[in-house]
There are 2 protein chains.
Amino acid sequence: MARLERRTVRDVRKGNRAMLLRTLYFTGSASRNDLIRLTGLSAATVSTMTGDLLEESIIMEAGQVDSDGGRPRVLLRVNPTYGYAVGVDVAETHVRVELFDLEMKERAKVDYALRPARHDPELVARHILAGIDVVLSDAGVTTGQVLGVGVGVPGIVRRGPDFVIHAKTFGWDGVPFGTLLSAGTPLPLYVDNGAKAMGQAELWFGSGRGAGNAVIVLIGSGVGATVVSDGATFQGVSSSAGEWGHTKIIVGGRPCRCGGRGCLEAYIGAEAILERAGVSTQTTGWQEELARVLDSGSPAVAETATYLGVGLANLVNLLNPERIVIGGWVGLMLGERLLPEILQAAAENSLAQPYAATSIVLGRLGPDAVALGAATLVLRNFLDATPASRVTAAG
Amino acid sequence: MARLERRTVRDVRKGNRAMLLRTLYFTGSASRNDLIRLTGLSAATVSTMTGDLLEESIIMEAGQVDSDGGRPRVLLRVNPTYGYAVGVDVAETHVRVELFDLEMKERAKVDYALRPARHDPELVARHILAGIDVVLSDAGVTTGQVLGVGVGVPGIVRRGPDFVIHAKTFGWDGVPFGTLLSAGTPLPLYVDNGAKAMGQAELWFGSGRGAGNAVIVLIGSGVGATVVSDGATFQGVSSSAGEWGHTKIIVGGRPCRCGGRGCLEAYIGAEAILERAGVSTQTTGWQEELARVLDSGSPAVAETATYLGVGLANLVNLLNPERIVIGGWVGLMLGERLLPEILQAAAENSLAQPYAATSIVLGRLGPDAVALGAATLVLRNFLDATPASRVTAAG
DNA sequence: AGAAGATAATGTAAGTTTCGAAAAAAGATG
DNA sequence: CATCTTTTTTCGAAACTTACATTATCTTCT
């Protein structure tokens with residue numbers, strides 16, 4: 001008993017407009033005629049709708065295409081400078097603020113280092129607010145042109161106006177981060193878990209493109225997953241769906257930092273791999289260390305491939321996705337070196353029918369796409385819920 | 001990039017009508033005024049819409065309610081004999097055909113025993129077709145009054161006009177069961193996995209009522225799960241989502257009949273429990289045998305609770321559901337005796353935040369609800385897609 | 001008993017929105 | 001320059017919901 005929502009005749013317009021805009025965005029450029037075909041709308045509707053969008057300069061003309069004996073098609077595209085999106089990556093060691101145009105091209109960027117112990121919410125918020133000012137002035141963009149600010153943070157984010165955050169690694173427990181930020185900026189805010197934001201980016205601009213039924217798996221120090229069904233990400237009742245890393249794959253197995261035992265994360269998370277290979281995790285430079293371990297041929301490496309394969313197999317069986325994308329810096333390192341072994345383990349541990357329906361691929365965006373993912377939250381909102389409210393002239 | 005569908009102004013009507021009908025169905029009875037409140041539609045819309053539905057006798061008046069000083073409200077309800085639904089349970093030992101009215105009250109029922117080796121698709125189809133005739137004539141219902149036939153089968157069913165079935169236990173591999181049946185009856189067909197159908201029933205009429213975000217877990221000889229997000233069941237790209245039983249909980253653990261090792265089913269499936277308790281599975285009467293084992297205090301019993309708890313915890317972490325319903329004959333037996341232990345194991349193996357958001361309860365419909373679930377498939381279609389096509393008077 | 005008041009349900013006119021068909025626009029071709 | 005072809009816009013019709021006004025039906029007060 002869900003989706004019980006009254007529909008009025010204006011929702012039709014809103015929905016069709018969003019669909020048209022989305023189609024045009026992901027097609028790149030298309031003529032009105034193409035849009036008729038792509039959207040299924042009538043010529044009249046496409047004409048009036050594109051007319052509106054042109055007038056609002058949300059879209060623009062992009063040249064003509066020569067025709068064979070008729071009126072040439074005028075190509076249309078989304079105006080990449082109609083608006084901008086700010087994407088923020090809040091990580092353990094830094095706060096990064098980036099400005100993107102609508103094509104998700106980076107226009108400006110600024111980094112603030114965080115010292116290990118300094119994760120006060122207020123400090124982070126100050127960095128973000130300062131960063132917004134910096135990237136805007138660097139790129140010569142005014143606040144009015146910014147469609148919103150997306151922020152990716154570690155931890156669980158509860159949706160709502162306050163965006164309450166629980167982030168163990170930061171020592172944040174119930175921080176109303178949205179409230180904190182909105183005190184300093186009038187821009188619309190979108191806060192989500194960084195891994196989920198990145199999953200969104202991979203889904204829209206990376207290896208997940210075109211899949212309506214996908215799982216994006218992020219492996220770094222922690223391990224998470226974004227489950228997408230019919231184009232919508234699975235949120236769960238308290239917005240914490242996707243905690244894949246604490247799936248138990250060996251009851252009573254290795255202790256995990258979550259306090260449990262046998263979690264997937266305790267086998268394939270960055271620290272876990274190093275520890276199992278007998279390398280100290282006290283040093284800095286895990287990245288190089290991990291690369292060395294993976295290339296060393298330690299028995300722990302082959303095991304890691306198996307564990308990851310098992311974890312993926314569990315997803316294949318339960319969710320039967322069209323595609324699984326492996327991302328995160330550890331995920332990418334593992335995938336580059338061990339993809340055949342991982343696939344074999346996944347195949348051996350899943351049912352033949354769903355396995356055959358799933359393609360397991362590596363992420364394409366690299367491990368630094370959190371800010372892009374965060375900006376994608378803004379983009380999503382823009383594409384779904386673009387105003388469509390024309391001001392009615394009075395008198 | 002999904003749900004790209006053109007909407008026209010008629011879809012508004014269709015959607016609102018479906019919503020109103022659904023609301024009325026699950027409310028039981030309501031006045032037009034109540035419906036205004038419940039649906040959010042305007043008085044006029046509710047008035048015309050109920051007028052249509054009354055004329056088509058899909059709904060009916062159900063008395064008045066005295067008011068305190070005004071025109072009394074006329075109560076409306078769905079007409080339970082507007083149409084009927086046939087539900088079929090195809091199991092290893094029998095084919096059961098039941099007839100339900102729209103209130104899902106059983107009106108007639110017939111059973112056909114299947115001999116262990118006799119699972120030819122043709123035979124099963126003949127039983128079903130014969131059964132439909134029997135229940136219809138027993139209840140005095142004509143074919144024209146039947147809205148459809150829902151069939152629950154073991155195995156994986158691929159959606160589509162043919163309803164191709166892969167059922168290992170039956171030796172069916174790619175049987176186009178829908179084609180087989182539709183050759184013998186003009187009624188609309190809905191075929192799905194029996195466990196999923198039952199999950200649907202539990203969701204609508206059992207312990208899952210009202211939850212938009214739920215997982216229904218079925219434990220019998222096999223183990224499966226129905227994942228529901230926002231009221232829609234998770235199908236997966238090839239309709240085989242929900243194979244929870246072959247989730248690996250102990251890498252390299254007990255061998256499972258699927259050929260893998262360490263599957264959940266190899267620990268909490270009926271045979272698995274008996275085997276681990278040292279009881280032969282060759283005998284008949286597993287049900288009594290299992291009850292005896294569970295009451296015996298064998299160490300295998302406590303372990304079973306733990307394994308089930310771990311399995312549930314994995315679901316809690318990954319999907320963050322509002323509710324988990326435990327069903328299936330083994331699930332119910334376990335739940336009745338060991339629910340506290342199961343809950344404790346689930347709590348210990350899941351993250352605190354999502355666990356707190358989930359309530360884990362026992363199914364309410366008993367283990368024989370597959371036919372009801374199958375009929376629910378018909379009901380769902382009726383509520384979503386009721387005709388709404390008025391014949392336009394000509395000239 | 002009759003009038004007044006209150007609540008429920010139904011018409012009516014207005015405002016959106018999409019659609020099909022016809023008209024207009026814009027270049028290619030001979 | 002006239003004709004053809006293809007794209008795009010315009011126009012009237014049909015379908016819906018909504019707000020407002022009207023009718024229906026029961027209770028209560030005088």
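Naming: A, B, ... by sequence-line order, numbering from 1 per chain. Remember, it's a predicted structure, so these values are computed and weren't measured experimentally.
Checking the phosphate oxygens (OP1, OP2) of D:dT7, no side-chain nitrogen or oxygen of A:Arg32 falls inside 4.0 Å.
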*Hey, mind stepping through A:Asn320 and B:Ser238 against side-chain hydrogen bond (donor to acceptor under 3.5 Å, both in side chains) and telling me if it holds?*
CA-CA 7 Å; A:Asn320 184 24; B:Ser238 56; 3.1 Å; yes

*For nucleotides 18-30 of chain C, read 5' to 3', which letter fits each nucleotide if B means a protein heavy atom sits under 4.0 Å from the base, S means only the sugar-phosphate is that close, and - means neither?*
SBB----BBBS--

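In this structure a side-chain-to-backbone donor-acceptor pair under 3.5 Å is missing from A:Ser57 to A:Leu54. Between the side chain of A:Asn16 and the main chain of B:Arg7, a donor-acceptor pair closer than 3.5 Å is present.
One can place CG of B:Asn33 at 5 Å from P of C:dA9, the figure rounded to the nearest angstrom. The CD1-P distance, from A:Ile36 to D:dT9, rounds to 9 Å in whole Å. C:dA9 atom C1' lies 13 Å from atom CD1 of B:Ile59, rounded to whole Å. Atom pair A:Leu53:CG and D:dT8:P shows a separation of 15 Å (rounding to whole Å applied). Separating the CG atom of A:Asp52 from the C1' atom of D:dT8 is a distance of 15 Å, rounded to the nearest angstrom. What separates CZ of A:Arg73 from P of D:dT5 is a distance of 16 Å, to the nearest Å. The nearest whole Å value for the distance from the CG atom in A:Leu20 to the C1' atom in C:dT17 is 15 Å. Spacing between atom CG of B:Leu54 and atom P of C:dA8 amounts to 18 Å, rounded to whole angstrom units.
The side-chain heavy atoms of B:Leu379 and B:Leu102, taken from C-beta on, include a pair separated by under 4.5 Å. In this structure the side chain of B:Gln235 never reaches within 4.5 angstrom of the side chain of A:Asp230, judged on heavy atoms.
Residues satisfying the side chain to side chain contact (heavy atoms under 4.5 Å, CB included) test with B:Thr45, not counting sequence neighbours, are B:Leu41, B:Ser42, B:Met49.
Nucleic acid contact class of B:Val46 (heavy atoms, under 4.0 Å, all strands): none.
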